Structures are given as C-alpha cells and as structure tokens.
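Below is one structure; the comments refer to it alone.
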Amino acid sequence: MRYLAVDEAPDLPRRVWAEDLLREQAAEAIARWNALRPGTFELVPALDGLEAEVAIVPTATRTFVDFSTAWPLAVVYCGADLDFWLPHELGHALGLADHVLPGMNTTGYVRPVEASEAYRGVMSYQASREQWFGPDDVRMMREVFPLPHRVTLAEVAK
Ligand SMILES: [Zn+2]
C-alpha cells in the first residue's frame, strides 16, 4: 500500500503555525494525530510563524493544501467548506495522499491512491468519520513514520 504522495516522508515533528481564528481547531486536529503517533505535529507559538514548516490560513476559495510548490513546506488553505476536515488536510501536510473513490475526477490531487478495503482511515474518501484514527491509521503511521528505536535497559547496561 502506498501512503505517501511525496517521494520521502518529512522529518517529525512538523511544526505548525495557525492563523488566530483557526488556532483552536488546529490544536484539536494536532492532538488527534499526536494521540496516534506522539510527536507528529507541534503547534508553534502564535507569533513564531517563521519557525513553522506548515501554515494553516483562511482562504476565500474551497479548502486545499499546497504541499508540492515548496515541499517540505506546506500551506493548508481553509475555506468555508472545511467543516470537520482539518485533521485530513493536516495529513497532506505529512505528505500523505488521498485515497480517492474509483472514477473520481482527480484534477488537482497530488498522486492519489485508489481507495480500498485495505485502508479505511482519515485519508480515505471511503472511510466514515468513526474510522478516522482507527487501526488502519495506526498501521499507516507505523509504516510511514516509525518511532525512533527505543533504547532498552539491556543496551544501556552494555
Ligand atoms: Zn485530501
């Protein structure tokens, strides 16, 4: 299963700056990703936008994520249609691809994957919201962003 739309997974944590009006929503979305895999995102202080690799800003257009123009920098543009989709859009800021429905017009989508039974998670158009951040997303994050090797007590003793 291919999960990434980019060639290589970015370094974590991804530092995120959010425009004031979107900050609370950003914090909630980040908490969901970090519950799945600690250290995925870090919300930088309101004034430190220049420190961030990911910016969350409002737009008058429909919601979209630009993660190809200046990758590994990404900008999440939040339109009036954002609704509950911010966690999904942040997935694109991780370089993750959309898992789209067969036959969908994918103009403007970056290297989408066709949705399947094998993955029903936050990046899939086939998943219900109840399936977001479930076992399929755990599997995805373990594969794409494995946690650094833990030093065991036995190794410390050497
Ligand atoms: Zn998407």
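Whatever order the structure lists ligands and atoms in, that order sets their numbers, starting from 1. When a residue number appears, it is its place in the shown sequence, counting from 1. Keep in mind it's a predicted model, so treat the numbers as computed, not measured.
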Next on the checklist: If you consider just the N/O/S atoms, which atom of His92 is the closest one to the Zn ion (ligand 1)?
Outcome noted: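 It is NE2 of His92.
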Item to check | Proximal heteroatom of Asp98 relative to the Zn ion (ligand 1) (N/O/S) | outcome: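 Result: OD1.
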Checklist entry - Are Val57 and Tyr77 close enough that some pair of their side-chain heavy atoms sits under 4.5 Å apart? => result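 SC-SC contact between Val57 and Tyr77 confirmed.
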Checklist entry - Are any N, O or S atoms from Glu89 nearer to the Zn ion (ligand 1) than 2.8 Å? => result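 It does not; every qualifying atom lies at 2.8 Å or beyond.
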Next on the checklist: Please find the pair of heavy atoms, one from Trp132 and one from Ala127, that lie closest to each other, and give the distance.
Outcome noted: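 Minimum heavy-atom separation between Trp132 and Ala127: CD1-CB, 4.5 Å.
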Checklist entry - Is the shortest side-chain N to carboxylate O distance from Arg15 to Glu53 below 4.0 Å? => result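 So Arg15 pairs with Glu53 through a salt bridge.
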Next on the checklist: Less than 4.0 angstrom from a charged side-chain N to a carboxylate O is my criterion; do Asp136 and Arg139 meet it?
Outcome noted: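 Yes, this pair counts.
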